[in-house]
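In what follows, a structure is listed as structure tokens, so that the remarks can point back to it.
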Amino acid sequence: MRVLASEITGYKNKRVELAGWVHRIRSLGKISFVILRDRSGTAQLVLDEKPEFTHESVISVQGIVKENEKAPDGVELQVDGESLKVLSAANPELPIPVNQDPKELSLDAVLDNRIISLRIPRIRQIFTLQSAILKYFAQHMRSEGFTEIKTSKLIGTGTEGGTGLFPVEYFDTRVYLAQSPQFYKQALVASGMERVFEIGPAYRAEKHDTPRHLNEYVSLDVEMAFIESEHDLIDLEQRILKSIFQGVKEDCAKELEAWQASVPEPEEVDSVPRITHDEAKEIIGKLQGRRVFEINPEGERVICDWAKKEHGVDAVFVTGFPRKKRPFYTFPSGNKTMSFDLLFRGLEITTGGRRINDYGMLLETLPRFGLTEEGLSDYCQIFKYGCPPHGGFAIGLERLTQQILGLSNVKEASLFPRDRKRVRP
RNA sequence: GGGGGCGUAGCGAAGCAGGUUAUCGCGCCGGCCUGUCAAGCCGGAGAUCGCGGGUUCAAGUCCCGUCGCUCCCGCCA
């Protein structure tokens, strides 16, 4: 019966089968050591002959688990040569090394050879951690009575004015890839679900090419009824982040350690300051010694450094964005809005806010953004027949992953990133 | 969309006051080796120097164009 590499310690002096990829071969002639890798980790095999297989071939072996202080983990598998099976031979000329530190590899080499680079333990850890984020996000949402939804990614019109749309040929008409599930999650709140969340792709046809942009990313979307202001949403996001961070800390201790990374403690999440857009500009201006008109990426880093120093946490909620900086559906508050961003370790990972839920207010607002009721008739329908006050936000999955691990490029946090030039593999 | 940097073997790099056969590490192939831990030692193969054009007796090296990558800005999650 097959056991996992990480489990053999529990099978001392027993006969077991291991199966996996050949991670490393150290042949000394009459004795050879092979590091076998499977989803759980690695184990050392001892062979009495020179291996005939190549690195990264998939093999299965049987043997007795023996204790030996000279073995890497104190135990190793003394392989019964007869039992060795090469299940799938790998070409010896690997495009990139799997058993070396990937820090030396260029991002291009890693992404061009994605199928192979994901075998590199350190790289696969990124996605183990990302999986934990997804798990604890969904778990937390359910614990607060949110319904998980999956909405169409083919839409008739855009929602996030300003951001580009990818046109899609749809029979004899043209539709677009959704920039966000914005309209649908609002519609479902109004449908009576009250609280919904969606984990799904979002598409942005921006020609940006930066270490923090993807043209396709995974959005952790939340929308909730019966709120009064963005502060209810910030409270919710803090609870979500605490769950995610605690879960990641429990499940991914190994990954965090390997990456020399850490997640904020619950007290730190609780102490993330909430400052207005105007206050943020003032603080950044003071620290940079010049007037600040917009919060640019450098400003985002500066304000997070400030939060770290003043509040002991490397994150900040920025509220009160001016109306013209936010989409038309954002609930106004004077010439500001009930909206917020979350900057985490110098990068924006969330945008959200209360939405306009009053039909009349919406109709008044549309012209200010050059929009018409006719052009947004489906959307306007949501508010015609009773829609509670509500709001929501979205967390960028890859960005959150990137910031937790300190990755230098968000593409590293996407299994198969799509950017301006890359549509493969 | 604007600006900077870089393209040399499968991977990572050196060579760039122009000058014989383009160098190093890892990997790969062959040999030796019974306790390896990025094993070690010996030998070997592997490069149209991104592509196109130009200057020159001579171009990886200089000039122009082009493609690709990368970083910064704008915009966003």
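Note on naming: letters A, B, ... go to the chains in the order of the sequence lines (proteins, then strands), and numbering restarts at 1 for each one. Every value quoted in this text rests on a predicted model; they were computed, and no experiment measured them.
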Q.
What's A/Asn296 touching, base or sugar-phosphate or nothing? Going by heavy atoms closer than 4.0 Å.
A. sugar-phosphate
Q. Rounded to the nearest Å, what distance is computed from the NE2 atom of residue A/His23 to the P atom of nucleotide B/rC37?
A. 15 Å
Q: Look through every strand shown and name the nucleotide pairing with B/rA45 as Watson-Crick or G-U wobble, where both distances are under 3.5 Å.
A: none
Q: Among A/Phe321, A/Phe393, A/Phe317, find the one that has a side-chain contact (heavy atoms from CB on, under 4.5 Å) with A/Asp341.
A: A/Phe321
Q. To the nearest angstrom, how far is A/Glu93 atom CD from B/rA47 atom C1'?
A. 14 Å
Q: Determine the contact category for A/Pro72: base if any of its heavy atoms lies under 4.0 Å from a base atom, sugar-phosphate if only primed atoms, P, OP1 or OP2 are that close, otherwise nothing.
A: base
Q.
What's the gap between B/rA14 and B/rA22 when it is taken at their C1' atoms, as a whole Å value?
A. 10 Å
**Q.** Donor-acceptor contact below 3.5 Å, side chain A/Gln186 vs main chain A/Phe183
**A.** no
Q. Base, sugar-phosphate, or nothing for A/Leu107, non-hydrogen atoms under 4.0 angstrom?
A. sugar-phosphate
Q) Any Lys/Arg nitrogen of A/Glu348 or A/Arg399 sitting under 4.0 Å from an Asp/Glu carboxylate oxygen of the other? A) no
Q: Rounded to whole angstrom, note down the C1' distance from B/rC75 over to B/rU66.
A: 28 Å
Q.
For B/rC69, give the paired nucleotide (Watson-Crick: N1-N3 plus N6-O4 or O6-N4; G-U: N1-O2 and O6-N3; both under 3.5 Å), or none.
A. B/rG5
Q) Is A/Leu105 touching bases, backbone alone, or none of the nucleic acid, heavy atoms closer than 4.0 Å? A) sugar-phosphate
(Q) Just to be sure I understand the rule, does A/Lys103 reach a base, reach only the sugar-phosphate, or reach nothing, if contact means heavy atoms closer than 4.0 Å? (A) nothing
Q) NA contact type, A/Gln100, heavy-atom cut-off 4.0 Å: base, sugar-phosphate, or nothing? A) sugar-phosphate
Q) What's the closest nucleotide to the A/Lys50 side chain, out of B/rC73, B/rG31, B/rG12? A) B/rG31
Q. Should A/Lys153 and A/Glu198 count as an ion pair when the cut-off is N to O under 4.0 Å?
A. yes
Q. If pairing requires Watson-Crick or G-U wobble contacts with both distances under 3.5 Å, which nucleotide is the partner of B/rC62?
A. B/rG54
Q: Would you indicate what A/Ala202 reaches in the nucleic acid, counting non-hydrogen atoms under 4.0 angstrom: base, sugar-phosphate, or nothing?
A: nothing
Q.
Need the pair for B/rC32. Rule: Watson-Crick or G-U wobble, both distances under 3.5 Å, any strand; none if unpaired.
A. B/rG40
(Q) Rounding to an integer number of angstrom, what distance separates B/rG7 and B/rA47 when you compare their C1' atoms? (A) 14 Å
(Q) Would you say the ring centers of A/Phe331 and A/Phe340 fall short of 6.0 Å from each other? (A) no
Q) Whole Å only: how far is the CZ atom of A/Phe321 from the C1' atom of B/rC76? A) 12 Å
Q.
With no hydrogens and no angle check, just 3.5 Å: does a side-chain donor-acceptor pair link A/Thr276 and A/Asp278?
A. no
Q | Protein-nucleotide distance (A/Tyr217, atom OH; B/rC76, atom C1'), rounded to Å | A | 8 Å
Q | Interatomic distance where CG belongs to A/Asn91 and P belongs to B/rG46 [whole Å] | A | 18 Å
Q: In whole angstrom, give me the gap between the P atoms of B/rC64 and B/rC26.
A: 39 Å
(Q) Check this for me: does any side-chain nitrogen of one of A/Glu56 and A/Arg37 sit under 4.0 Å from a carboxylate oxygen of the other? (A) yes
Q) For atom P, what is the distance between B/rA9 and B/rG2, given to the nearest Å? A) 31 Å
Q. For RNA chain B, whose closest nucleotide is more 5', that of A/Ile25 or that of A/His55?
A. A/His55
**Q.** Gap between atoms CG and P, on A/Leu241 and B/rA77 respectively (whole Å)
**A.** 16 Å
Q: Return the nearest nucleotide to the side chain of A/Arg399; candidates are B/rG35, B/rC76, B/rC28.
A: B/rC76
Q) B/rA45 and B/rG30: how far apart are their C1' atoms, nearest whole angstrom? A) 10 Å
Q: Pick base, sugar-phosphate or nothing for A/Ser219, based on heavy-atom distances below 4.0 Å to the nucleic acid.
A: nothing
Q) Counting any heavy atom closer than 4.0 Å, what does A/Asn68 reach on the DNA or RNA strands: base, sugar-phosphate only, or nothing? A) base
Q | Whether A/Phe33 stacks on the six-membered ring of B/rG35 base, 5.5 Å and 30° limits | A | no
Q) Donor-acceptor pair under 3.5 Å: do we get one between A/Arg26's side chain and the base of B/rC33? A) no
Q | Euclidean distance, atom CG of residue A/Asn99 to atom C1' of B/rG12 [Å, nearest integer] | A | 15 Å
Q. For the side chain of A/Gln403 and the backbone of A/Arg345, is there at least one donor-acceptor N/O pair under 3.5 Å apart?
A. yes
Q | Integer angstrom distance from the P of B/rC42 to that of B/rG27 | A | 14 Å
Q) Looking at the side chain of A/His213, which of B/rG12, B/rG27, B/rA77 is the nearest nucleotide? A) B/rA77
Q: Look at the side chain of A/Glu76 and the base of B/rG35, then say whether one donor and one acceptor between them are separated by less than 3.5 Å.
A: yes
Q) Are A/Asn409 and B/rC71 close enough that a side-chain N or O sits under 4.0 Å from OP1 or OP2? A) yes
Q.
Heavy atoms only, 4.0 Å cut-off, all strands: where does A/Thr210 land among base, sugar-phosphate and nothing?
A. base
**Q.** P atoms of B/rU36 and B/rC41, separation to the nearest Å
**A.** 15 Å
Q) Which of the following nucleotides, B/rG12, B/rA77, B/rC29, is nearest to the side chain of A/Thr54? A) B/rC29
Q. Once you round it to whole Å, what is the distance between C1' of B/rG68 and CG of A/Leu111?
A. 14 Å
Q.
By nearest heavy atom, map A/Arg24 and A/Lys30 onto RNA chain B; which one lands nearer the 5' end?
A. A/Lys30
